[in-house]
Amino acid sequence: MPQVTLPDGKTLEVAPGTTVGQVAAMIGPGLAKAAVAGKVNGEIVDLSHPLEADCRLELLKLDAADPDSLYVLRHSAAHVMAEAICSLFPETKLVYGPPVDNGFYYDIDLDRPLSSQDFEAIEQRMAQIIKEDRPFTRYEVDRQEAFKKLQAEGNRYKIDNAERAEGPLSFYVTGPEPGRYFEDLCRGPHLPSTGRIGAFKVMQVSGAYYRGDQKEKQLQRVYGTAWPTRKDLDKYLAQLEEAKKRDHRKLGQELGLFTVDPLVGSGLVLWKPKGAVIRAQLEDFLRAELIKSGYQPVYTPHIGKLGLYRTSGHFPYYKDSQFPPIFESRTAEILNRLWEAARGRPSGEICPEERQILAELRQTDAAAYEALTGHSAYKAGGDKAAHLKAIEAQLEVSDGYLLKPMNCPHHIRIYASEPRSYRDLPIRLAEFGTVYRYEQSGELSGMTRVRGFTQDDAHLFCRPDQLLEEITGCVNLTRKVLDLLGLSDYSVRVSLRDPASDKYVGSAENWALAEQAVREAVKASGMVFTEALGEAAFYGPKIDFIVKDCIGREWQLGTVQVDYNLPERFELTYIGADNAAHQPVMIHRAPFGSMERFVGILIEHFAGAFPLWLAPLQVVVASVSEKSADYARTVRDRLFAAGVRVELDDSPEKIGPKKHNARKQKVPYILVVGEKEAAEQSVNVNDRNGRNLGNEDLAAFVERCTREIRERVL
RNA sequence: GCCACUGUAGCUCAGCCGGUAGAGCAGCGGUUUUGUAAACCGCAGGUCGCGGGUUCGAAUCCCGCCGGUGGCUCCA
């Protein structure tokens with residue numbers, strides 16, 4: 001007889017084959033009514049699931065706070081929506097419909113595009129199915145029979161799904177028995193019946209490639225959300241509204257922080273004066289930290305020769321996501337095409353495409369053509385590497401330039417500009433360096449996904465024996481930055497190379513060394529972390545700080561990366577104690593990541609109400625009337641002299657509108673000054689939340705205000 | 001880049017089935033000198049994203065571009 005252990009530790013003996021639902025009934029009628037699924041040894045199952053062996057059993061009730069119950073609810077809601085869509089559009093082919101955070105979606109293949117105008121009809125049909133309160137009925141068939149059945153339906157997606165599942169396949173009927181009702185190949189589990197879906201809403205429709213493959217057919221993905229009760233749904237919808245209010249694009253506009261102008265270009269952020277204040281404060285903070293930590297500021301230009309990025313590996317690897325190069329001459333452009341063709345050819349022999357480009361070169365620039373084809377390495381038969389070298393030699397005469405996609409090559413050349421001793425290391429070069437990346441148009445968004453952005457970048461060159469300490473220093477700096485701003489909801493990810501992919505440069509040994517160093521450093525820091533295969537940079541593994549914003553979106557902000565490969569590609573050295581040349585190890589790191597993205601996230605994090613030290617405008621002095629205007633000016637001047645960003649509002653308005661305007665701009669302190677304040681040399685302090693903090697001596701306020709700024713109080 | 005939606009004054013939006021534009025806020029001018037969440041009167045402001053087409057007539061219908069939004073893919 002199977003022994004069932006309940007969460008409170010009690011055990012029940014039940015006959016083999018007793019279902020989860022029956023156990024619920026044994027415990028009590030209330031639970032039997034409320035239970036919608038069970039969790040057997042940690043696995044969620046239907047109420048109809050039979051228990052055959054000893055197990056731990058937990059019964060799930062619908063609860064907006066219980067993710068397991070929501071999972072089941074939304075999975076079932078996806079089936080109901082699928083049935084609704086299929087009944088409205090019988091030619092629909094269903095693909096895949098899982099629960100996701102906050103809801104569910106169903107991918108469908110339907111030539112007629114759905115739009116939000118169709119949602120109402122879908123919702124009505126769903127409501128009807130839910131009202132009918134039909135049971136979800138599971139039945140299993142062996143694989144052969146299942147495939148026969150799916151084949152008959154002629155739905156290639158479901159056959160695909162079935163092929164990737166293991167063991168016997170199950171179907172769920174939205175009704176008491178197969179045959180007369182909607183059914184779907186599905187692993188389950190589901191609610192006992194459709195009536196348990198308390199509240200739902202069809203949210204949106206979008207395109208989605210089948211199996212995430214851009215070459216595959218684009219399906220329609222219909223998103224919905226479902227909750228135990230109407231109240232839960234309303235709460236969720238209200239949350240979405242709240243998130244919209246915090247949207248940095250909206251607030252950036254309202255508060256005059258930044259703009260993106262189509263005339264300048266998509267994804268190119270223009271920082272307005274108020275946004276620039278915030279950025280400057282952050283930069284000032286970090287600059288001071290860097291000096292304390294032994295960094296040396298440097299400046300480098302925004303472009304560099306293509307040859308630089310050929311050596312680093314950026315140019316060939318990321319050429320699709322770069323702004324097109326600027327060529328010095330047509331010769332340079334042709335030579336680059338030739339180089340590209342030679343690099344891409346499989347064998348050692350010059351390929352037809354190259355011959356064609358060579359002919360073009362001969363016509364355009366006979367001298368360059370002669371120089372290249374006369375080069376001994378180019379003539380040396382079928383040696384691809386030699387050919388590339390010969391072309392590169394010619395490109396030194398005339399090449400192109402690239403807007404820099406990263407700062408590291410420039411910093412590397414600063415390192416290489418003088419001989420380095422082991423005593424000089426570590427060398428830490430820091431720069432707020434602006435980089436340009438040609439992101440796909442559909443990816444651009446406000447400040448968080450842009451085509452030009454400034455990294456708070458630095459490159460540390462150190463000896464292998466210094467590596468751990470240096471990584472740790474970088475990790476601590478990043479944590480300090482996040483703590484400073486109260487961005488406490490972050491996770492740490494160790495991003496490793498996917499050995500199966502060929503997108504990385506460098507040897508396996510280098511990667512092993514770097515990955516080991518990164519792991520060790522994170523472990524030593526005591527932080528909880530996850531590892532992610534295939535998330536590394538192309539030159540080395542990373543420690544990524546992933547911060548959660550107010551809407552629950554995750555952003556990769558700070559990053560620390562260990563790199564053995566670029567020092568090798570650039571043949572960097574230092575002279576060791578043994579008087580021999582050694583190769584340094586590099587660390588790339590950016591605590592903020594990008595200033596654009598970081599400030600974008602901060603806007604949402606603070607909902608535009610920045611802490612005093614960051615606020616573009618810190619204090620507004622509002623005079624009650626002209627009788628107190630002189631004193632108001634005194635207050636303004638005192639604060640201004642103390643370094644506070646302050647404005648005087650001496651317009652002939654009432655206090656109400658003056659406060660209102662300042663609050664709309666999220667100014668932290670609003671000082672009301674009238675005849676009373678003038679008489680006692682005080683200010684009436686109001687915050688942007690509408691609280692009146694009472695009167696304070698002017699001198700005391702100036703002191704408190706400057707201290708809060710100095711201490712960067714949140 | 002792909003799919004869907006979307007684009008009217010500086011901002012937020014109205015303008016149904018085609019009859020050549022309207023409000024609030026902001027701005028400007030005036031009145032009000034005011035004690036804590038938006039004073040009053042007036043003025044000005046738009047090639048209705050751009051380009052084609054249909055039509056006697058297009059902000060409105062159709063097509064193509066260009067922005068933007070939500071997803072997908074991508075993300076050094």
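Every chain is numbered from 1 and lettered A, B, ... according to where its sequence line falls, protein lines coming before strand lines. Computed from heavy atoms alone, side chains included, the values below leave out hydrogens, waters and symmetry copies.
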**Student:** Tell me the partner of B:U54, counting only Watson-Crick (N1-N3 plus N6-O4 or O6-N4) or G-U wobble (N1-O2 and O6-N3) with both under 3.5 Å; none if nothing fits.
**Tutor:**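 In the structure as shown, B:U54 has no Watson-Crick or wobble partner.
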**Student:** Pick base, sugar-phosphate or nothing for A:E675, based on heavy-atom distances below 4.0 Å to the nucleic acid.
**Tutor:**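 Touches a base.
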**Student:** Could you measure between the two P atoms, the one in B:A9 and the one in B:A23, and give it in whole Å?
**Tutor:**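 Between the two P atoms, the distance is 14 Å.
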**Student:** Mind running side-chain contact (heavy atoms from CB on, under 4.5 Å) on A:S321 and A:R437 for me, showing each step along the way?
**Tutor:** CA-CA 6 Å; A:S321 50; A:R437 300 172 187 178; 5.7 Å; no
**Student:** Which whole-number value in Å describes the distance from A:D213 CG to B:C3 P?
**Tutor:**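 Atom CG in A:D213 sits about 16 Å away from atom P in B:C3.
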**Student:** Base, sugar-phosphate, or nothing for A:N689, non-hydrogen atoms under 4.0 angstrom?
**Tutor:**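 Base, at least one base atom sits under 4.0 Å.
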**Student:** Considering only B:G71, B:G35, B:C74, which nucleotide approaches the side chain of A:S206 most closely?
**Tutor:**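 The answer is B:G71.
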**Student:** Which value, in whole Å, describes the distance between the C1' atoms of nucleotides B:C13 and B:A26?
**Tutor:**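 Roughly 14 Å separates the two C1' atoms.
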**Student:** Let's test this: given Watson-Crick or G-U wobble pairing with both distances under 3.5 Å, identify the partner of B:U31.
**Tutor:**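 Pairing partner, where one exists within any strand: B:A39.
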**Student:** Regarding A:Q561, tell me which of base, sugar-phosphate or nothing describes its non-hydrogen contacts under 4.0 Å with the strands shown.
**Tutor:**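 Counting heavy atoms under 4.0 Å across all strands, no contact is made by A:Q561.
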**Student:** Can a side chain N or O of A:R249 be found less than 4.0 Å away from OP1 or OP2 on B:U69?
**Tutor:**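 For A:R249, the contact criterion (side-chain N or O under 4.0 Å from OP1 or OP2 of B:U69) is met.
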**Student:** Whole Å only: how far is the NZ atom of A:K654 from the P atom of B:U32?
**Tutor:**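 Spelled out: NZ on A:K654 to P on B:U32 is 14 Å.
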**Student:** Could you tell me whether the side chain of A:R451 has a donor or acceptor atom within less than 3.5 Å of a complementary atom in the base of B:C75?
**Tutor:**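 By the distance-only test, no, there is no pair.
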**Student:** Taking the minimum atom-to-atom distance to the side chain of A:Y223, which one of B:U33, B:C72, B:G70 wins?
**Tutor:**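 Output: B:C72.
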**Student:** Any strand is fair game: report the nucleotide pairing with B:C48 by Watson-Crick or G-U wobble, both distances under 3.5 Å, or none.
**Tutor:**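 Paired with no nucleotide.
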**Student:** Taking atom C1' in both B:A21 and B:A58, what distance in whole Å separates the two?
**Tutor:**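 Straight-line distance between the two C1' atoms is 13 Å.
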**Student:** List the steps and the verdict of side-chain hydrogen bond (donor to acceptor under 3.5 Å, both in side chains) for A:R704 and A:Y669.
**Tutor:** CA-CA 12 Å; A:R704 185 164 66 83; A:Y669 287 121; 3.1 Å; yes
**Student:** Could you tell me whether A:E696 atom CD has more than 12 heavy atoms of other residues or ligands within 6.0 Å of it?
**Tutor:**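 Atom CD in A:E696 is packed in, count exceeds 12.
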**Student:** Under 4.0 Å between any heavy atoms, over every strand shown, what does A:Y209 touch: base, sugar-phosphate, or nothing? Just pick one.
**Tutor:**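 Base, at least one base atom sits under 4.0 Å.
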**Student:** Is the number of heavy atoms from other residues, nucleotides or ligands within 6.0 Å of CD (A:E120) greater than 12?
**Tutor:**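 Count not over threshold, so no.
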**Student:** Do A:T434 and A:T454 have a side chain donor and acceptor closer than 3.5 Å?
**Tutor:**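 Their side chains do contain a donor-acceptor pair, which is all the 3.5 Å distance test asks for.
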**Student:** Roughly, in whole Å, what's the span from CG in A:L693 to C1' in B:G35?
**Tutor:**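 Interatomic distance, CG of A:L693 to C1' of B:G35: 16 Å.
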**Student:** Out of B:C11, B:A76, B:G70, which nucleotide sits closest to the side chain of A:R437?
**Tutor:**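 Of all the options, the side chain of A:R437 is nearest to B:A76.
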**Student:** With respect to the side chain of A:R221, which nucleotide from B:C72, B:A37, B:U33 is positioned closest?
**Tutor:**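 Selected nucleotide (nearest to the side chain): B:C72.
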**Student:** Given ring pair (Phe, Tyr, Trp, His ring centres under 6.0 Å), test A:F200 with A:W227 step by step and report yes or no.
**Tutor:** CA-CA 6 Å; A:F200 68 93; A:W227 297 86; over 10 Å; no
**Student:** For nucleotides B:C40 and B:G46, find the distance between their P atoms and express it as a whole number of Å.
**Tutor:**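 One P to the other, the span is 26 Å.
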**Student:** How is A:G674 classified with respect to the nucleic acid when contacts are heavy atoms under 4.0 Å: base, sugar-phosphate, or nothing?
**Tutor:**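 Counting heavy atoms under 4.0 Å across all strands, the contact made by A:G674 includes a base.
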**Student:** Given the P atoms of B:U6 and B:G10, what is the spacing between them in whole Å?
**Tutor:**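 Between the two P atoms, the distance is 23 Å.
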**Student:** Choosing from B:A37, B:U33, B:C74, which nucleotide comes nearest the side chain of A:S625?
**Tutor:**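 In terms of side-chain proximity for A:S625, the closest of B:A37, B:U33, B:C74 is B:U33.
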**Student:** State which of B:A38, B:A4, B:C3 makes the closest approach to the side chain of A:H660.
**Tutor:**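 Closest nucleotide to the A:H660 side chain: B:A38.
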**Student:** Starting the side chain at C-beta, find the nucleotide from B:C74, B:A38, B:G67 nearest to A:E439.
**Tutor:**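 The answer is B:C74.
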**Student:** CG of A:D101 versus P of B:G71: gap in Å, rounded?
**Tutor:**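 Going from CG in A:D101 over to P in B:G71 covers 13 Å.
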**Student:** With sequence neighbours left out, write down each residue that passes salt bridge (Lys or Arg N to Asp or Glu O under 4.0 Å) with A:D456, or none if nothing qualifies.
**Tutor:**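 Applying salt bridge (Lys or Arg N to Asp or Glu O under 4.0 Å) to A:D456 gives none.
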**Student:** Ignoring the backbone of A:M406, work out which of B:U33, B:G35, B:A76 is nearest its side chain.
**Tutor:**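 The answer is B:A76, which lies nearest to the side chain.
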**Student:** May I have the distance from A:Y210 (atom OH) to B:C72 (atom P), rounded to whole angstrom?
**Tutor:**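 One finds 17 Å between P of B:C72 and OH of A:Y210, rounded.
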**Student:** Establish, with yes or no, whether the OP1 or OP2 oxygen of B:G68 is under 4.0 angstrom from a side-chain nitrogen or oxygen of A:S266.
**Tutor:**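 Yes, because at least one side-chain N or O of A:S266 sits under 4.0 Å from OP1 or OP2 of B:G68.
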**Student:** Of the candidate nucleotides B:G70, B:U36, B:A76, which contains the atom at the shortest distance from the side chain of A:I655?
**Tutor:**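 My answer, after comparing the listed nucleotides, is B:U36.
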**Student:** What's the NE2-C1' distance between A:H411 and B:A76, to the nearest Å?
**Tutor:**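 One finds 15 Å between C1' of B:A76 and NE2 of A:H411, rounded.
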**Student:** Please walk me through it: do A:Y209 and A:Q214 pass side-chain contact (heavy atoms from CB on, under 4.5 Å)?
**Tutor:** CA-CA 6 Å; A:Y209 300 106; A:Q214 231 166 10; 3.6 Å; yes
**Student:** Tell me the partner of B:G70, counting only Watson-Crick (N1-N3 plus N6-O4 or O6-N4) or G-U wobble (N1-O2 and O6-N3) with both under 3.5 Å; none if nothing fits.
**Tutor:**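 Base partner found: B:C3.
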**Student:** If we take the C1' atom in both B:C63 and B:U54, what is their distance in whole Å?
**Tutor:**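 It works out to 11 Å between them.
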**Student:** Tell me the interatomic distance from A:Q440, atom CD, to B:C72, atom P, rounded to whole angstroms.
**Tutor:**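 Taking CD of A:Q440 and P of B:C72, I get 13 Å after rounding.
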**Student:** Tell me which of A:E535 and A:N684 sits closer to the 5' end of RNA chain B, going by the nucleotide each one is nearest to.
**Tutor:**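 It is A:N684, whose closest nucleotide lies nearer the 5' terminus.
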**Student:** Any idea which of B:U36, B:U33, B:G35 is nearest the A:E677 side chain?
**Tutor:**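 For the A:E677 side chain, the nearest candidate turns out to be B:G35.
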**Student:** Taking atom P in both B:U12 and B:G49, compute the distance separating them and give it to the nearest angstrom.
**Tutor:**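 Straight-line distance between the two P atoms is 15 Å.
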**Student:** Which whole-number value in Å describes the distance from A:L268 CG to B:G67 C1'?
**Tutor:**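 Whole-Å distance recorded here is 14 Å.
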**Student:** Could you check whether the side chain of A:Y438 and the base of B:G1 have a donor-acceptor pair of N or O atoms closer than 3.5 Å, going by distance alone?
**Tutor:**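 Check fails, no donor-acceptor contact within cut-off.
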**Student:** Indicate, with a heavy-atom threshold strictly under 4.0 Å, whether A:K658 touches base, sugar-phosphate, or nothing.
**Tutor:**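 Contact class for A:K658: none.
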**Student:** Under 4.0 Å between a side-chain N/O of A:R597 and OP1 or OP2 of B:A76, yes or no?
**Tutor:**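 Answer no for this pair, as no side-chain N or O of A:R597 is under 4.0 Å from OP1 or OP2.
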**Student:** So which one's nearest nucleotide on RNA chain B is more toward 5', A:P262 or A:G212?
**Tutor:**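 Mapping each residue to its closest nucleotide by heavy atoms, the 5'-most match is A:P262.
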**Student:** Is A:L219 touching bases, backbone alone, or none of the nucleic acid, heavy atoms closer than 4.0 Å?
**Tutor:**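 No contact.
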**Student:** Could you go through A:K404 and A:N407, starting from their C-alpha distance and side-chain angles, then the distance that decides it, and tell me whether this counts as side-chain hydrogen bond (donor to acceptor under 3.5 Å, both in side chains)?
**Tutor:** CA-CA 7 Å; A:K404 66 180 176 188; A:N407 300 303; 3.0 Å; yes
**Student:** Using the P atom on both, measure B:G64 against B:C56 and round to a whole Å.
**Tutor:**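 Approximately 24 Å lies between the P atom of B:G64 and that of B:C56.
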**Student:** B:G1 phosphate, OP1 or OP2: any side-chain N/O from A:S441 under 4.0 angstrom?
**Tutor:**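 True: A:S441 side-chain N/O within range (under 4.0 Å) of B:G1 OP1/OP2.
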